[in-house]
Protein chains: 2
Amino acid sequence: MHPLKNLNSLIIEFYDKLSSWEQSVVKETGYTLAQVHTIEVLGSFGPMRMKELAERLGITTGTLTVQIEKLVKSELVERHPHDDDRRSILVGLTVAGEALHKQHNEMHLQLTQDITQPLNQDELSVLTESLRKINQEF
Amino acid sequence: MHPLKNLNSLIIEFYDKLSSWEQSVVKETGYTLAQVHTIEVLGSFGPMRMKELAERLGITTGTLTVQIEKLVKSELVERHPHDDDRRSILVGLTVAGEALHKQHNEMHLQLTQDITQPLNQDELSVLTESLRKINQEF
DNA sequence: AGCAATTAGTTTGACCATCAAAATAATAAA
DNA sequence: TTTATTATTTTGATGGTCAAACTAATTGCT
């Protein structure tokens, strides 16, 4: 048997469960998954241009234009002209957007706390360090 | 600062990267994400009823009906009557479906191998055991 | 400086995924 | 047997997505 078959299954299971969790948590906000994801990125990385945001979200700028339009109407996001390049637009969170981001982030923190409950300090350290290494390998 | 803030960020980063990876790997198959996901579940758990499959996929049976229709046309999936309950339908993979599942699974295994490259045996053990515990907490 | 090529963003048309609700058919319960 | 429940399908509406065509601004070249 493949030595990593087990770990592989655990990773897939973890991914699926995280996915379901996110889905249900997002549903409660009344916004869509794509909208909350956009808010998450803007909240974590701060204001940025459309092109950069689209890249981080893994969607085209065409899709993003429509998405941002809705978020602006919902007053979660603001558009500002870019200082150096008049073709560009800076997209950032409003106060309400920041609040939603903060709230969502706290849900994530709570989940992280909940699911790592059974781990001891050693396991937590190794898990954290392993994840750091793993993320660099992508 | 919140003690798990770091681990939380690493989990989110890992999730996002895995998500991108899956997206690009699926795109190469020529099938959609939803289709491959359905194949993955049927491949891992074997044939099952529509209702059960919909539950595992986290979608309604209405959505699934349309999905399965396409997969049958693509000859990846077969429908068979359920022996005990004539309301039910057993959905399972065809030979071509099995092949796609196997191929996709091997991509996952290869990824797992690649990203865990920098971990030593101890770290691998702890990671595996931690993930097992974490998955039980959802 | 002036023209061409590139770049940022928007718009549009076409799919796909999804859900809720209504419809159909079979089973279970009273 | 009648009624209620369950499994599945169908339908209509909405949202996310892309590719391609378009506009406007910038950069590069001569």
Chemist: Short of 4.0 Å, heavy atom to strand atom, which residues of residues 41-63 of chain A count as contacting DNA chain C?
Modeler: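 Output list: Arg49(A), Met50(A), Lys51(A), Thr61(A), Gly62(A).
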
Chemist: Could you tell me the boundaries of the chain A footprint on DNA chain D, defined by atoms under 4.0 Å from its heavy atoms?
Modeler: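 Boundary nucleotides touching chain A, in 5' to 3' order, are dG15(D) to dT26(D).
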
Chemist: Quick check on side-chain contact (heavy atoms from CB on, under 4.5 Å): which of Leu90(A), Val91(A), Asp85(A) does Ser88(A) satisfy it with?
Modeler: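 Among the candidates, only Asp85(A) passes.
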
Chemist: To which residues is Val126(A) joined in a hydrophobic cluster, defined by side-chain heavy-atom contacts under 4.5 Å among Ile, Leu, Val, Met, Phe, Trp and Tyr, whether direct or through other members?
Modeler: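 Cluster partners of Val126(A): Val126(B).
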
Chemist: Test side chain to side chain contact (heavy atoms under 4.5 Å, CB included) on Ile134(B) and Lys17(A); report intermediate values, then the result.
Modeler: CA-CA 10 Å; Ile134(B) 284 174; Lys17(A) 286 181 168 173; over 6 Å; no

Chemist: Which parts of residues 16-31 of chain A get close to DNA chain C, meaning a heavy atom less than 4.0 angstrom away?
Modeler: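 Hits under 4.0 Å, by residue number: none.
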
Chemist: Only distances under 3.5 Å count here; give the side-chain donor-acceptor pairs of residues 74-81 of chain B to other protein atoms, sequence neighbours excluded, each with its distance to 0.1 Å.
Modeler:
from	atom 1	to	atom 2	distance (Å)
Ser74(B)	OG	Lys70(B)	O	3.0
Arg79(B)	NH1	Glu69(B)	OE1	3.3
Arg79(B)	NH2	Glu69(B)	OE1	3.0
Arg79(B)	NH2	Glu69(B)	OE2	3.4

Chemist: Please check if atom NZ in Lys51(B) has more than 12 non-hydrogen atoms from other residues, nucleotides or ligands closer than 6.0 Å.
Modeler: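 Open: at most 12 neighbouring heavy atoms sit under 6.0 Å from NZ of Lys51(B).
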
Chemist: For DNA chain D, what string of dots and brackets results from 5' to 3' when Watson-Crick and G-U pairs need both distances under 3.5 Å, crossing pairs get [ ], and pairs with another strand get |?
Modeler: ||||||||||||||||||||||||||||||

Chemist: For nucleotides 22-30 of chain C, give me one character per nucleotide, 5' to 3': B if any protein heavy atom sits under 4.0 Å from the base, S if the only such contacts are to the sugar-phosphate, - if neither.
Modeler: ----BS---

Chemist: Could you tell me if the side chain of Met107(B) sits less than 4.5 Å from the side chain of Leu111(B), heavy atoms only?
Modeler: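 They are not in contact (no side-chain heavy atoms under 4.5 Å apart), so the answer is no.
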
Chemist: Does anything in residues 74-83 of chain B come within less than 4.0 Å of DNA chain D? Heavy atoms only, and list the residues if so.
Modeler: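 Here the set is Arg79(B).
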
Chemist: Would you indicate whether the side-chain heavy atoms of Tyr31(B) and Ile39(B) approach each other to under 4.5 Å?
Modeler: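 Contact flag for Ile39(B)/Tyr31(B) side chains = no.
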
Chemist: Tell me every residue that passes ring pair (Phe, Tyr, Trp, His ring centres under 6.0 Å) with His104(B), counting only those two or more places apart in sequence or in another chain.
Modeler: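 His108(B).
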
Chemist: Using links of under 4.5 Å between side-chain heavy atoms of ILVMFWY residues, direct or through other members, which residues join Leu109(A) in one cluster?
Modeler: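 Besides Leu109(A), the cluster holds no residue at all.
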
Chemist: Using a heavy-atom cut-off of under 4.0 Å over every strand shown, decide if Leu64(B) touches base, sugar-phosphate, or nothing.
Modeler: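 Contact class for Leu64(B): none.
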
Chemist: Rounding to an integer number of Å, can you tell me how far His37(B) NE2 sits from dT18(C) P?
Modeler: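 Those two atoms, NE2 and P, are 10 Å apart.
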
Chemist: Using the test salt bridge (charged side-chain N to carboxylate O under 4.0 Å, His left out), find all partners of Lys27(B) that sit at least two apart in sequence or belong to another chain.
Modeler: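 So Lys27(B) forms no salt bridge (charged side-chain N to carboxylate O under 4.0 Å, His left out) with any residue.
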
Chemist: Quick one: ring pair (Phe, Tyr, Trp, His ring centres under 6.0 Å) partners of Phe45(A), sequence neighbours excluded?
Modeler: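 Result, ring pair (Phe, Tyr, Trp, His ring centres under 6.0 Å) vs Phe45(A): none returned.
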
Chemist: Check whether any side-chain nitrogen or oxygen of Thr32(B) sits under 4.0 Å from OP1 or OP2 of dA17(C), and answer yes or no.
Modeler: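 Indeed, a polar side-chain atom of Thr32(B) lies that close.
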
